[in-house]
Amino acid sequence: MAAVETTYREALRQALIEAMTEDETVFVMGEEVGRYGGAYGVTKGLLEMFGENRVIDTPIAEAGIVGAAVGAAMTGSRPVVELMYIDFAGLTMDQVANQAAKSRYMFGGQIGVPMVLRMQGGTGRSAAAQHSQSLESWFTHVPGLRVVMPATVNDAYHLLRIALKCPDPVIFIEHKGLYVRKGTLDTERPDGAWGQSVIRREGADLTIVTYSRMVFEALAAAETLSAQGVSAEVIDIRCLNPLDDETLIRSVTKTGRAMVVTESVMTSGFAAELSARISERCFEHLEEPVLRVAGEDIPIPVSPALERGAVPSPQLIAETALWLVRRIAPSWAA
Amino acid sequence: MTAGGNKLLLEHYRTMRRIRSFEERVNELFVRGQSAGSMLHMSIGEESIAGVCRAMEPGDSFTTHHRGHGIFIARGADPKRMMSEIAGKSDGYCSGKGGSMHIADMTLGALGANAIVGGGIPHVVGAGLSYRNRRLPHVSVAFFGDGAAQQGILYEAMNMAALWKLPVVFCCINNQYGMGTRIDRAAANPNLHERAIACGLNGLTVDGSDVEEVHDAAERILGAARNGMPGFMVINCYRFYGHARLDKSPYREESEEVEGRKRDALANARKKLLARATADDAMLMQIDDDAEAEMNAAVDHAVAALSPPVDTMFRDVFAEGEPPPRPLRHHLSMILGEGR
């Protein structure tokens with residue numbers, strides 16, 4: 001099939017449909033995934049196509065849903081759970097971190113848990129503090145989980161397709177602000193392999209490392225920077241586990257400057273992990289400290305004006321890059 | 001009296017005797033300092049779960065809690081491999097990665113023992129979905145204690161099982177104690193099966209000191225579950241000893257323990273067998289001796305077995321062939337090693 005223009009949501013939906021068609025053990029369960037079609041419409045129409053045994057509307061019982069998926073995965077099924085908001089993960093964490101993640105290990109390799117836990121996070125819809133978080137580092141801190149965060153339409157499709165073949169539990173984190181975003185889907189050409197960081201824009205002066213929606217904010221910043229003569233390389237890591245840090249190391253070895261951009265709050269976030277790896281491995285190539293440009297250490301406020309201010313913008317990324325590369329201090333610099 | 005009658009009771013006796021011997025030998029392994037750690041929860045006093053295990057069919061699956069040694073024995077697990085696992089040895093069920101609280105044997109449908117109170121309960125709902133969707137005739141049984149009955153996850157799981165009419169059984173082994181807290185200090189209504197009935201399940205409580213009663217009830221509950229009516233059974237029993245190996249139960253009266261230990265399914269089965277003249281003393285002593293010999297051999301096996309090589313710690317975090325975790329020494333070498 002030739003490349004087509006479609007949305008992130010449609011790409012996800014197509015991946016689910018193809019996987020369910022190919023593999024009878026795949027089923028979808030979650031709150032409102034059936035008749036309602038999913039809170040963000042990703043599972044729309046699946047109930048009619050696959051019936052209620054394979055598209056299961058559940059009670060509002062996040063821990064029970066994920067726990068049931070773990071048991072189904074242990075017994076030959078391949079469940080896809082939709083957790084409506086990543087913010088609800090708190091209710092599920094025992095089943096995710098102690099059950100799904102550790103079963104293979106604790107039981108000496110006897111029991112795999114091939115399940116996909118889809119959820120969405122991030123800001124952009126004025127959904128306030130309990131429906132807007134970026135909690136990926138909750139999951140990357142637990143050995144045994146794969147964590148992927150697609151930014152592009154093509155990755156939404158391909159990473160979900162691979163996740164649905166993965167023998168281990170995959171935390172698949174979508175971004176609520178990307179569902180209607182359009183892009184090119186080429187079902188025959190993935191952006192990169194599973195666990196491979198991808199260079200979205202080449203550059204020579206600094207490396208911007210990011211993932212999920214911030215890829216687009218970083219690309220917009222790179223465009224601005226380019227007009228000012230600064231060449232930024234933008235890397236989308238796509239998979240937080242398995243993580244390809246070699247691509248980052250090569251890039252920063254070349255540029256000598258690195259900035260990690262995340263929507264999640266700075267303290268103890270995944271930006272710290274990426275920053276540490278770059279600092280450790282590129283120490284003698286670095287001309288400046290590795291910077292983190294991350295969300296403010298605050299709950300996400302509801303007012304659109306406040307919400308926008310709580311997470312990095314293209315302007316903030318560009319200003320910080322200029323400061324880093326050209327030592328041009330932004331207006332807000334102390 | 002149940003179908004199969006006296007012969008079946010003799011079989012129950014043998015199973016329960018093997019469980020008792022196993023637990024006593026586990027205790028000994030600990031005393032000798034040859035177990036891996038101190039997390040040993042003995043199921044002495046709970047042996048009548050043998051009746052539930054006997055009602056299960058090949059292909060049925062189950063999850064257990066941290067006090068599940070007896071359930072594994074009753075479902076046919078190999079005591080040598082169990083003991084090796086408890087000792088953290090390479091040929092243990094989980095290659096020395098799980099220990100006492102995480103024994104599993106997929107060939108027996110054992111989906112793993114869980115050390116999070118209530119953690120394994122919802123897995124049977126998912127197993128039930130697998131069986132329903134693939135039209136398999138199996139039942140999945142969750143074993144847990146009265147402590148787990150106070151966890152919210154049980155109610156989510158029971159509701160889903162009833163809502164979707166899944167082939168699932170919740171088996172609550174009420175040994176009266178969640179660690180040091182007696183049931184009457186943890187549950188306003190200690191008739192736990194009533195909660196299941198409220199959720200739309202078959203629910204009943206049986207006397208755990210009578211293995212025949214347990215078996216009869218389990219046959220009924222599992223039979224109904226196999227036909228889409230999930231169930232919940234409470235086995236009322238008494239935890240003879242402390243919560244874990246180091247616990248001397250200072251929170252309960254000795255007189256209570258003396259009374260509690262009279263609720264002994266093993267002793268009761270013995271009495272019945274003698275009274276019914278199904279077996280004589282010599283025959284029962286032979287069973288006892290065989291069990292002791294078997295479990296002593298399991299201990300000897302575990303003590304002699306090899307510890308796992310240290311680099312096996314990186315195995316099984318992910319499936320074989322998938323990108324493995326990066327060992328610390330490798331990470332450090334990339335920073336400080338040659339080619340820097």
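Chain naming here is simple, since letters A, B, ... match the order of the sequence lines and numbering starts at 1 in each.
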* To do: Find the one option among A:R146, A:E62, A:M74 whose heavy-atom pairs under 4.5 Å with chain B are most numerous.
  => A:R146
* **Interface moiety of B:A113 toward chain A, non-hydrogen atoms closer than 4.5 Å** => backbone
* To do: Say whether, by atom type as modelled, one donor and one acceptor occur between the side chain of A:Q99 and the main chain of B:G120 under 3.5 angstrom.
  => no
* Structure fact -> Here the pair of heavy atoms bringing A:R281 nearest to B:M334 is NH1-CE, 3.5 Å
* May I ask you to list the residues in residues 236-249 of chain A that approach chain B closer than 4.5 angstrom, counting heavy atoms only, ordered by number? => A:N241, A:P242, A:D245, A:E246
* Structural part of B:V124 lying under 4.5 Å from a heavy atom of chain A -> neither
* **Worked check of side chain to side chain contact (heavy atoms under 4.5 Å, CB included) between A:R104 and B:F318** => CA-CA 7 Å; A:R104 182 185 296 280; B:F318 296 105; 5.5 Å; no
* Of the non-hydrogen atoms in B:M160 and A:I65, which two are nearest, and what is the gap between them? -> CE-N, 3.6 Å
* Any side-chain heavy atom of A:S77 sitting closer than 4.5 Å to one from B:L129? -> no
* Looking only at heavy atoms, which two atoms of B:W164 and A:D57 are closest? And how far apart? -> CZ2-O, 3.6 Å
* Structure fact -> Filtered by a 4.5 Å non-hydrogen cutoff, the part of residues 165-173 of chain A contacting chain B is A:C166, A:P167, A:D168
* Side chain / backbone / both / neither for B:H331 at chain A, heavy atoms under 4.5 Å -> side chain
* From CA spacing to verdict: side chain to side chain contact (heavy atoms under 4.5 Å, CB included), A:E24, B:R134 -> CA-CA 9 Å; A:E24 282 204 338; B:R134 282 152 53 213; over 6 Å; no
* Asked: Considering all heavy atoms of both residues, which atom of B:I153 and which atom of A:G64 are nearest to each other, and what is their separation?
  -> CD1-N, 3.5 Å
* Relative to chain A, which segment of B:Y131 carries a heavy atom at a distance below 4.5 Å: side chain, backbone, both, or neither? -> side chain
* Asked: Is A:Y105 reaching over with its side chain to a backbone N or O of B:M313, donor-acceptor style, under 3.5 angstrom?
  -> yes
* Side chain, backbone, both or neither: which part of B:A127 has an atom under 4.5 Å from a heavy atom of chain A? -> both
* To do: Spell out, as yes or no, whether a donor-acceptor pair under 3.5 Å connects the side chain of A:N98 to the backbone of B:G119.
  => no
* Structure fact -> Okay, B:A110 and chain A: the region with an atom under 4.5 Å from a heavy atom over there is backbone
* Atom group of B:P325 that falls short of 4.5 Å from chain A, counting heavy atoms -> neither
* Asked: Which heavy atom in A:Q110 sits nearest to a heavy atom in B:C94, and how many Å separate them?
  -> NE2-SG, 4.1 Å
* Asked: Given that the side chain runs from C-beta out, which part of B:I103 has a heavy atom under 4.5 Å from chain A: side chain, backbone, both or neither?
  -> backbone
* Proximal component of B:D105, with respect to chain A [non-hydrogen, under 4.5 Å] -> both
* Nearest-0.5 Å distance that lies between atom OG1 in A:T75 and atom CE in B:M106 -> 7.5 Å
* Among A:P143, A:A73, A:G76, which has the most heavy-atom pairs under 4.5 Å with chain B? -> A:G76
* Asked: For B:R315, is it the side chain, the backbone, both or neither that has a heavy atom under 4.5 Å from a heavy atom of chain A?
  -> backbone
* To do: Under the side chain to side chain contact (heavy atoms under 4.5 Å, CB included) rule, what do B:D316 and A:F107 come out as? Steps first, then yes or no, please.
  => CA-CA 9 Å; B:D316 302 323; A:F107 305 134; over 6 Å; no
* Working to the nearest 0.5 Å, report the span between CD1 of A:I60 and CD of B:E156. => 11.0 Å
* To do: Name the member of A:A69, A:G144, A:G195, A:C282 that forms the most heavy-atom pairs with chain B at distances under 4.5 Å.
  => A:G144
